[in-house]
Amino acid sequence: SVLVTSVVEGYCKAGKPKEAMNVISFFSLKPNIFVYNSFISMLCADGDMVDASLMFQEMFESGLLPDCVSYTTMIGGYCKDPDMKRAFQYFGKMLKCGIKPTVTTHTLLIDACCRSEDLEMAECLFQKMKTEGLVPDIVTYNTIINGYGKKGNLHKAFMLVDMMRSAGISPDVTTYNIIIDSLIKRGFTNEAKDILDELVRRGISPDMVTFTSIIDGLSKKGDFEEAFLVWFYMSEHDVKPD
RNA sequence: AAUCGUUGCU
């Protein structure tokens, strides 16, 4: 069993989840739900939704009922694909099975809707989750702020920052990075700098993402001197790498 | 203990 574990681990680390699962079934071992979810997650990360859905089905047929994480993982896989039709199919399936989608499930779908430029659907999910008694967290807010920001609707993005504050959630470095990147990509360089100042004033440390976002934006604008100054500022201060 | 969601460049 120690041997099996290490062989399975080896296959997983080598990025071969299918082979690892074959080893498990060869020894007629019954994976539990955590093992199944981990494997489904690996396949989804690989973009292999064919095998992910096969494994989801296999889990079902072996008598293990997929849980919220199983469904959310599958939805996440299809959102990345992106195959929103199937993503929403799984969303419907989990509702039908009486499994309550979580904040994570909704955030995942909101993010995918934003990426497919369907801000209406994103907004709809955002409203719906609240009526179901779910409380959007900082990731949900950052996700939808990013959706509006990237689309150039900065007014709405700032409104959502206010909304999250009223909900008692303080914007974090990711929130600021999203706003700064959205501004700079639309050419609002000075406004982006103001936000950078605000971030520092609030005691948040800018990170690598903050600066690469600014430097990239300035370079694409052809403002290499400014870009260099920011780079210089960055090397003078201790910027946390990821 | 171990499985799902958000920001830049590449």
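Proteins come first, then strands; the chains are lettered A, B, ... in the order of their sequence lines, and each starts at number 1. Just so it is clear, the model here is predicted, and its values are computed rather than measured.
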Sugar-phosphate only, base, or nothing, as touched by Thr143(A) at under 4.0 Å among non-hydrogen atoms: sugar-phosphate
Boundaries of the chain A footprint along RNA chain B (any atom under 4.0 Å from a heavy atom): A2(B) to C9(B)
Lys/Arg N to Asp/Glu carboxylate O, Lys193(A) vs Glu198(A), below 4.0 Å: no
Sugar-phosphate, base or nothing in reach of Val35(A), heavy atoms under 4.0 Å: nothing
Sugar-phosphate only, base, or nothing, as touched by Ser41(A) at under 4.0 Å among non-hydrogen atoms: sugar-phosphate
NZ or CZ of Lys16(A) within 45° of Tyr11(A) ring axis and under 6.0 Å: no
Basic-acidic side-chain contact under 4.0 Å: Lys185(A), Asp181(A): yes
Touch class at under 4.0 angstrom, heavy-atom based, for Lys80(A) against every strand present: nothing
Sugar-phosphate only, base, or nothing, as touched by Thr72(A) at under 4.0 Å among non-hydrogen atoms: base
Contacts of type ring pair (Phe, Tyr, Trp, His ring centres under 6.0 Å), residue Tyr71(A), not counting sequence neighbours: Phe56(A)
Touch class at under 4.0 angstrom, heavy-atom based, for Thr210(A) against every strand present: nothing
Sugar-phosphate only, base, or nothing, as touched by Asp207(A) at under 4.0 Å among non-hydrogen atoms: nothing
Sugar-phosphate, base or nothing in reach of Thr104(A), heavy atoms under 4.0 Å: base
The single option from Tyr141(A), Phe91(A), Phe126(A) passing ring pair (Phe, Tyr, Trp, His ring centres under 6.0 Å) against His106(A): Phe91(A)
Sugar-phosphate, base or nothing in reach of Thr212(A), heavy atoms under 4.0 Å: base
Among Ile145(A), Val139(A), Asn146(A), the one residue meeting side chain to side chain contact (heavy atoms under 4.5 Å, CB included) with Thr143(A): Val139(A)
